[in-house]
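Below: one structure, written as structure tokens.
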Amino acid sequence: VDLPTFDRNLNSRSKRLERGVAESAPMAALCSILFYNVDEETGSGAKSKSSSPQTSKAPSPARQWEVNKAKFLMGLIRCAGQRHSLGLLDSGCATSKGLSAGRKSAEKTRSFVDWQDDRSSQKSTMIDDYGKALRPMITLYAVFDQLSKEFVVNDDDESTEAASERLAEKLETCYKASDIEALLQIAEITMNRDLICKCFEKGCTS
């Protein structure tokens with residue numbers, strides 16, 4: 001869908017394809033890490049042909065996520081655009097009953113630093129305008145990227161605990177980012193900002 005030859009207005013199937021890419025992006029990223037974090041061919045869940053156990057291997061430098069994470073990122077950005085166009089502000093996991101009963105406590109436990117919209121003293125850029133809508137998916141990308149560095153099938157308890165602490169630390173750092181540019185740096189995203197905005201806008205209209 002990102003190729004120059006793709007015509008998003010060709011027919012209804014093109015629109016459905018774009019919409020499907022946006023909707024499936026988070027699960028596709030997670031499945032890539034769960035099943036292909038050793039290397040892209042054998043996969044984390046594949047049976048090893050060697051005598052050494054597959055689960056003892058560390059994440060491969062050539063793992064699917066590492067090789068293709070720019071594509072996963074574009075999918076997540078499209079998902080952010082689609083969520084924005086639908087007015088979605090949370091994960092959708094909370095029930096209406098639980099939300100109404102626990103609204104006050106939820107507000108208290110919300111960890112994101114508040115991003116101010118007052119930019120009177122500085123020139124606003126397009127990515128600043130999209131910042132709040134991009135924030136959840138950029139944070140999710142950062143978490144996935146850290147998870148890909150840590151995840152090993154059936155790792156021992158001590159290693160798993162240490163990895164979970166590093167993952168929590170990454171998430172907390174993302175929560176404390178002062179603006180979208182700071183968050184992009186934390187997530188180690190070097191993608192052109194105009195391309196990020198373009199992917200977001202495609203998600204909005206998918």
*Kindly say whether Ala142 contributes a backbone atom to a donor-acceptor pair with the side chain of Lys170 at under 3.5 angstrom?*
no

*Residue pairs, two or more places apart or on separate chains, that pass salt bridge (charged side-chain N to carboxylate O under 4.0 Å, His left out) and touch residues 136-146*: Lys69-Asp145, Asp145-Lys149

*State whether the side chain of Ser32 and the backbone N or O of Ala28 hold a donor-acceptor pair below 3.5 Å, judged by distance alone.*
no

*Could you pull out the closest heavy-atom pair between Ala177 and Val113, with the gap in Å?*
O-CB, 4.1 Å

*Using a 4.5 Å cut-off on heavy atoms from C-beta on, say whether the side chain of Ile77 contacts that of Leu73.*
yes

_Within-4.5 Å side-chain heavy-atom neighbours: Pro26 and Leu140_ = yes

*Taking C-beta and beyond as the side chain, do Leu30 and Leu147 meet within less than 4.5 Å on heavy atoms?*
yes

*NZ/Lys202 to CD/Glu18 distance, rounded to the nearest 0.5 angstrom?*
6.5 Å

*How far does CG of Asp114 sit from OG of Ser178, to the nearest 0.5 angstrom?*
12.0 Å

*Which atom names give the shortest non-hydrogen contact between Trp115 and Gly131, and what distance separates them?*
CZ3-O, 3.5 Å

*Distance (rounded to the nearest 0.5 Å) between Cys79 SG and Leu76 CG*: 6.5 Å

*Kindly say whether Leu195 contributes a backbone atom to a donor-acceptor pair with the side chain of Asn192 at under 3.5 angstrom?*
yes

*CZ/Phe200 to OG1/Thr205 distance, rounded to the nearest 0.5 angstrom?*
10.5 Å

_Tell me every residue that passes side chain to side chain contact (heavy atoms under 4.5 Å, CB included) with Glu181, counting only those two or more places apart in sequence or in another chain._
Ile127, Asp179, Leu184, Arg193

*asked:* Strictly distance-based, threshold 3.5 Å: is any side-chain N or O of Arg63 a donor or acceptor partner for the main-chain N or O of Ser60?
replied: yes

_Rounded distance [0.5 Å steps], CG in Asn154 versus OG in Ser159_ = 12.5 Å

*Does Glu150 have any side chain to side chain contact (heavy atoms under 4.5 Å, CB included) partners at least two apart in sequence or in another chain, and if so, which?*
Gln146, Ala163, Arg166

*Nearest 0.5 Å please: distance from the SG atom of Cys174 over to the CD1 atom of Ile138.*
9.5 Å

*Pro59 backbone acceptor or donor facing Asn37 side chain under 3.5 Å*: no

*According to the interplanar angle, ranging from 0 to 90°, do the rings of Trp65 and Phe72 count as parallel (below 30°), tilted (30 to 60°) or perpendicular (above 60°)?*
parallel

*asked:* Walk me through whether Tyr130 and His84 qualify under side-chain contact (heavy atoms from CB on, under 4.5 Å).
replied: CA-CA 9 Å; Tyr130 295 157; His84 178 67; 5.9 Å; no

*Hey, is the main chain of Glu169 close enough, under 3.5 Å, to the side chain of Thr173 for a donor-acceptor pair?*
yes

_Heavy-atom pair with the smallest gap, counting every atom of Thr125 and Asp128_ = OG1-OD2, 2.8 Å

*Step-by-step side-chain contact (heavy atoms from CB on, under 4.5 Å) determination, Ile189 to Ile196*: CA-CA 10 Å; Ile189 293 173; Ile196 292 175; 4.2 Å; yes

*Minimum side-chain heavy-atom gap Asn68-Tyr36 below 4.5 Å*: no

